[in-house]
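All values derive from a computational prediction rather than experimental measurement.
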Amino acid sequence: RAADLGLSVALIERHEKLGGVCLNVGCIPSKALLHAARVITEADEMAERGISFGKAKIDPDALREWKQAVVDRLTGGLATLARQRKVEVIRGEARLSGPRTVVVGGREVSFASASLAAGSSAAMLPELPDDPRIVSSTGALALPGVPKRLLVIGGGIIGLEMAAVYDALGSRVTVVELLDQLIPGCDADLAKPLHRRVSERYEAIHLGTKVESLRPQKGGVKAQLSGGQSATFDLVLVAVGRRPNGHEVGAQAAGVEVDPAGFIPVDRQLRTNVPWIHAIGDLVGGPMLAHKASHEGKVAAEAIAGDTAAEFDPRTVPSVAYTDPEVAWMGLSEVEAREQGVEYEKAVFPWAASGRALTLGRDDGLTKLIFEPASRRLLGAGITGVGAGELIAETVHALEMGADAEDLALTIHPHPTLTETVGFGAEMELGTITDLLAPRRR
Ligand code: NAD
């Protein structure tokens with residue numbers, strides 16, 4: 001964006017390929033593996049419906065190669081885009097060395113403006129033994145093979161996405177989550193269908209539980225859980241959150257403020273306390289999501305190019321767990337509404353009443369819409385079910401446009417689709433639904 005606005009741009013990257021965590025060791029490789037997982041489980045489930053393919057034969061080397069080919073195609077595309085825009089790509093790890101200079105591989109580069117986008121790193125538990133069988137998401141995505149027994153520490157998004165992959169590949173999965181719900185960041189009713197499905201498939205799910213210790217042994221890593229149970233695993237994935245890399249960019253030398261947790265405070269133009277240095281993405285707080293970071297990056301570039309009106313001020317940043325079923329939410333959640341004392345009405349359309357969901361053999365979903373009672377303006381939404389990550393986009397658009405229940409209900413959704421569930425939810429709010437018998441609200 002900065003290059004398109006006429007600025008002369010250098011991009012410094014320590015990884016051999018462009019694209020950051022999301023593209024190289026995050027969103028993209030995980031989604032390739034999750035697609036493979038979905039194909040395996042869908043094929044298995046068709047056996048009850050008259051079509052049997054037999055047990056999947058898994059070639060981890062070929063799967064790894066395919067996943068890497070997907071990543072390489074995208075990272076290669078970024079290198080081409082940078083070249084086409086005459087963005088100079090400098091390889092190496094950068095540290096600010098003064099208010100207008102950065103040092104990379106012994107070379108000093110000076111700048112008029114900078115945008116810090118150094119991201120975050122996987123948080124690890126204290127006193128973890130150093131053992132190749134204890135890995136972060138990067139290690140799990142490398143697909144070191146298919147462990148017989150996998151322990152996932154952290155029932156958040158990364159933990160559950162990787163659990164879905166290894167479960168489909170044939171591992172027996174145990175999940176240990178500190179809090180009392182899977183994906184504690186979303187409303188409980190959205191997490192429930194996921195919990196129900198994985199509790200039938202996985203070896204164990206321990207909520208409200210801590211891993212007291214991990215002891216590497218010859219036959220596996222022995223985990224001692226806070227409830228007194230212990231078990232031995234072939235692979236342990238630690239997915240307990242991520243920490244911003246704010247302390248790793250030499251911020252002090254430039255006078256850029258960093259808080260003790262490693263976040264860099266910024267204003268709505270993503271400007272740090274040093275007016276010509278901006279920061280974006282996981283470094284600045286808020287949800288650690290690629291789509292938030294890329295929007296912020298554009299705003300920072302526009303602000304640097306002199307656009308005084310550019311600001312990052314979305315109504316919401318949607319969240320999606322690409323688990324099976326997927327869990328997606330945006331805007332105001334019920335938990336937040338209760339915490340903030342916001343009055344709301346909700347309409348929940350169960351996928352058991354969706355023809356499309358039944359034809360997919362997956363009625364284990366729900367579409368929940370949250371409205372402002374007086375105006376019936378959409379305030380938030382949550383969707384659990386196959387493809388929820390795609391479906392949530394309609395509600396994000398509706399929220400951005402200030403849509404109300406009538407706008408959604410009078411929008412003709414194609415039949416039969418899962419998108420209809422958004423329209424049906426709005427009809428439930430209005431009391432005009434005929435697809436099920438819902439109590440009239442007023
Ligand atoms: P997370 O915050 O989503 O989940 C971490 C989980 O670990 C939480 O549920 C937490 O309660 C639990 N936990 C913390 N300490 C624990 C302990 N000692 N024992 C057991 N459980 C413990 O973080 P994540 O899953 O590691 O993901 C990191 C970041 O990356 C998040 O911001 C996430 O949103 C982002 N991410 C997003 C996507 C996506 O958009 N699909 C995918 C992957 C990662």
A quick test of your reading: do over 12 heavy atoms of other residues, nucleotides or ligands sit less than 6.0 Å from [atom1] of [X]?
X: Glu212; atom1: CD; result: yes
X: Arg49; atom1: CZ; result: yes
X: His295; atom1: NE2; result: no
X: Lys31; atom1: NZ; result: yes
X: Glu400; atom1: CD; result: yes
X: His35; atom1: NE2; result: no
X: Arg243; atom1: CZ; result: no
X: Asp61; atom1: CG; result: yes

Q: Take Leu182 and Ile205 through the side chain to side chain contact (heavy atoms under 4.5 Å, CB included) test and state the conclusion after the steps.
A: CA-CA 9 Å; Leu182 294 179; Ile205 297 169; 4.1 Å; yes
Q: Take Thr367 and Phe424 through the test side chain to side chain contact (heavy atoms under 4.5 Å, CB included) and record every step on the way to the result.
A: CA-CA 9 Å; Thr367 296; Phe424 291 150; over 6 Å; no
Looking at every heavy atom in both [X] and [Y], which two are closest together, and how far apart are they?
X: Leu143; Y: Leu33; answer: CD2-CD2, 4.3 Å
X: Ala403; Y: Asp407; answer: CA-OD2, 3.3 Å
X: Asn245; Y: Ala118; answer: ND2-O, 2.9 Å
X: Ser319; Y: Leu289; answer: OG-CD1, 4.0 Å
X: Leu237; Y: Ala140; answer: CD1-CB, 4.0 Å
X: Ser120; Y: Asp282; answer: OG-OD2, 2.6 Å

Q: In sequence, state the C-alpha distance, the side-chain angles, and the governing distance for Lys17 and Asp72, and then conclude on salt bridge (charged side-chain N to carboxylate O under 4.0 Å, His left out).
A: CA-CA 8 Å; Lys17 305 253 178 69; Asp72 290 347; 3.2 Å; yes
Below 4.5 Å, heavy atoms only, C-beta onward: do [X] and [Y] meet side chain to side chain?
X: Ile304; Y: Leu7; value: yes
X: Val176; Y: Val152; value: no
X: Ile370; Y: Glu345; value: no
X: Phe312; Y: Pro314; value: yes
X: Met330; Y: Leu399; value: yes
X: Pro287; Y: Lys292; value: yes
X: Leu151; Y: Leu214; value: yes
X: Trp329; Y: Leu190; value: yes

SB check [X] [Y] (cutoff 4.0 Å):
X: Arg268; Y: Asp313; answer: yes
X: Asp364; Y: Arg196; answer: no
X: Asp363; Y: Arg356; answer: no
X: Asp404; Y: Arg376; answer: no
X: Lys368; Y: Asp189; answer: yes

Measure the spacing between [atom1] of [X] and [atom2] of [Y] and express it to the nearest 0.5 Å.
X: Ser137; Y: Ile157; atom1: OG; atom2: CD1; value: 12.5 Å
X: Ile28; Y: Lys67; atom1: CD1; atom2: NZ; value: 12.5 Å
X: Leu369; Y: Phe371; atom1: CG; atom2: CZ; value: 4.5 Å
X: Leu125; Y: Lys210; atom1: CG; atom2: NZ; value: 9.5 Å
X: Asp324; Y: Glu161; atom1: CG; atom2: CD; value: 11.5 Å
X: Glu45; Y: Glu48; atom1: CD; atom2: CD; value: 6.5 Å

Q. Asp4 and Arg85: salt bridge (charged side-chain N to carboxylate O under 4.0 Å, His left out), yes or no, with the steps?
A. CA-CA 7 Å; Asp4 288 348; Arg85 287 189 162 82; 2.8 Å; yes
So does [Y] get a backbone contact from the side chain of [X], meaning a donor-acceptor N/O pair under 3.5 Å?
X: His206; Y: Thr174; answer: no
X: Thr419; Y: Thr417; answer: no
X: Asp167; Y: Ala163; answer: no
X: Ser333; Y: Cys186; answer: no
X: Gln181; Y: Ile183; answer: yes
X: His291; Y: Pro318; answer: yes
X: Gln269; Y: Ala310; answer: yes
X: His195; Y: Ala188; answer: no
X: Glu326; Y: Val386; answer: no
X: Thr432; Y: Met428; answer: no

Q: Identify the residue among Val173, Leu169, Leu235, Val236 that makes a side-chain contact (heavy atoms from CB on, under 4.5 Å) with Pro147.
A: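 Exactly one option meets the side-chain contact (heavy atoms from CB on, under 4.5 Å) with Pro147, and it is Leu235.
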Q. Pick one: which of Leu283, Val266, Val317, Leu270 meets side-chain contact (heavy atoms from CB on, under 4.5 Å) with Glu296?
A. Leu270
(Q) Quick one, Asn24 with His15, criterion side chain to side chain contact (heavy atoms under 4.5 Å, CB included). Give me CA distance, side-chain angles, the key distance, then yes/no. (A) CA-CA 9 Å; Asn24 288 286; His15 195 271; 3.6 Å; yes
Q. Can Ile383 and Leu366 be said to form a side chain to side chain contact (heavy atoms under 4.5 Å, CB included), step by step?
A. CA-CA 6 Å; Ile383 306 181; Leu366 72 148; over 6 Å; no
Taking atom types as modelled, find out whether [X] and [Y] have a side-chain donor-acceptor pair closer than 3.5 angstrom.
X: Glu394; Y: His413; result: yes
X: His415; Y: Glu420; result: yes
X: Tyr344; Y: Glu334; result: yes

